[in-house]
Amino acid sequence: MHRHITAYALVALASLVVARAAPAQHATAFDLEDGARSFASTCANCHGPDGNLIPGIDLGHGQFRRPLTDKELENIIENGIPNTPMPPSPFLSEEQVGRLIAFLRSNAEQRPTTGKTGDAARGKALFEGKGECTDCHRIGTQGSRTGPDLTRIGVQRRAVELEQSLLDPKAEIQANNRLVRLVTADGKEVKGRLLNHDTYTIQLIDWDENLRSFNKADLRELRFDDTPMPSFKKKLSAQQIADLVAYLSSLRGP
């Protein structure tokens, strides 16, 4: 979608999806993953990863203008809406359109489990205080570089995914956030966050925030390591989790 799409067109887009339609019965995990990729490349630039950047529209929580059948929705995605900035999507195949629809249906059913409305200001205080998040994470110019940079995490991850990372950080670790443990030829152990690797070399940032590069042939050991991020399930209340998620969702970079 165009970056400067009007609010009218976005309202029109929100009318494309059934308010409480059930997810496609035969959608597989692959279908939903492929639909998520189409959403990220086609819709998220304006709507955000949760589909809630436009006032009054929330694609991620099933808040739409009116119900449409999958066939009607498919037709509008493929052909656009005349006389509005909503363009056709000729680059999406029929299968991809179907998977995008399945993803939107499924996505509307996924909500954070706390059942609380979060407050971003309270979440910021938790992030910088009791949560001790800046010991590993960085926002803008503040915090550590050893963990993933969260400056634009609100654009990159959905609220339900952020909540899962707080409650069960080992459940899903993105490829660019993996940790590695290696032992050098002289027996020194090094741990850090993986930055890059190829057939012959590996680069990481260690716990002292030093950029390190090693030849794999010179290493005694090399393996992925568990995340050091703790679960906040017992450390924070449901309201505090919701506040922290609200703050992280608000982080959209400069």
Side-chain angles (χ1 to χ4, degrees), residues 36 39-40 44-55 57-61 63 107 110-181 191-196 204-212 224-254:
F39 180 85
N45 188 51
C46 293
H47 285 277
D50 283 314
N52 61 355
L53 287 187
I54 307 303
I57 301 172
D58 194 342
L59 297 176
H61 289 79
Q63 296 178 11
N107 194 37
Q110 299 181 43
R111 295 176 172 82
T113 60
T114 61
K116 306 288 185 179
T117 300
D119 180 271
R122 292 198 303 260
K124 184 176 188 293
L126 284 167
F127 185 91
E128 297 173 348
K130 183 177 180 180
E132 301 178 322
C133 304
T134 54
D135 289 352
C136 296
H137 296 285
R138 190 174 185 85
I139 296 176
T141 60
Q142 304 297 317
S144 171
R145 293 183 175 88
T146 57
D149 190 302
L150 302 181
T151 304
R152 289 176 52 81
I153 195 65
V155 176
Q156 299 162 343
R157 303 286 278 172
R158 297 181 296 142
V160 67
E161 295 167 330
L162 293 171
E163 184 194 71
Q164 182 188 49
S165 294
L166 293 172
L167 299 177
D168 187 6
K170 294 182 180 180
E172 179 187 7
I173 300 176
Q174 293 188 308
N176 59 331
N177 294 333
R178 291 177 295 181
L179 301 177
V180 293
R181 173 189 178 275
K191 291 185 177 183
R193 179 165 57 89
L194 178 66
L195 299 178
N196 186 42
L204 57 84
I205 181 169
D206 67 19
W207 294 146
D208 294 320
E209 298 191 38
N210 298 311
L211 296 176
R212 309 284 297 273
F224 290 116
D225 207 9
D226 290 336
T227 175
M229 181 169 170
S231 169
F232 288 91
K233 186 178 297 185
K234 296 182 178 179
K235 184 175 183 178
L236 300 179
S237 67
Q239 182 60 63
Q240 289 174 320
I241 292 292
D243 292 340
L244 196 48
V245 169
Y247 172 59
L248 293 172
S249 296
S250 74
L251 299 176
R252 304 185 183 277

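- The heavy-atom pair separating Trp207 from Pro228 by the smallest distance is CH2-CG, 4.1 Å.
- Between Pro169 and Ile173, the shortest heavy-atom contact is O-CG1, 3.8 Å.
- For residues 127-140, the set of pairs meeting the side chain to side chain donor-acceptor pair (under 3.5 Å) definition, not counting sequence neighbours, comprises Lys124-Glu128.
- Considering every non-hydrogen atom in both Ser165 and Met229, the closest pair reads O-CE, 3.4 Å.
- Residues satisfying the side chain to side chain contact (heavy atoms under 4.5 Å, CB included) criterion with Arg122, sequence neighbours excluded, are Asp119, Gln239, Asp243.
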Any chance you could lay out the side chain to side chain contact (heavy atoms under 4.5 Å, CB included) test for Phe127 and Leu251, step after step, and finish with the verdict?
CA-CA 12 Å; Phe127 185 91; Leu251 299 176; 5.6 Å; no
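- Atom CG of Leu126 is separated from atom CG of Leu236 by 6.0 Å, given to the nearest 0.5 angstrom.
- Of all the heavy atoms in Leu179 and Thr227, the pair that sits closest is CD1-CA, 3.6 Å.
- The backbone N or O of Asn210 sits nowhere less than 3.5 Å from a side-chain atom of Asp208 that would complete a donor-acceptor pair.
- Annotation: the span from Ile241 atom CD1 to Lys233 atom NZ amounts to 10.0 Å, rounded to 0.5 Å.
- Using a 4.5 Å heavy-atom cutoff, the side chains of Leu211 and Ile205 are in contact.
- Atom CD of Glu161 is separated from atom CD of Gln156 by 11.0 Å, given to the nearest 0.5 angstrom.
- The line from CG of Asp225 to CZ of Arg193 is 14.5 Å long, rounded to the nearest 0.5 Å.
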Side-chain atoms of residues 145-155: list all donor-acceptor pairs with protein atoms under 3.5 Å, sequence neighbours left out, distances to 0.1 Å.
from	atom 1	to	atom 2	distance (Å)
Thr146	OG1	Ser144	OG	3.0
Asp149	OD1	Thr151	N	2.8
Asp149	OD1	Thr151	OG1	2.5
Thr151	OG1	Gly140	N	2.8
Arg152	NH1	Arg252	O	3.1

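- Expressed to the nearest 0.5 Å, how far CG of Asn177 lies from CD of Glu172 amounts to 10.0 Å.
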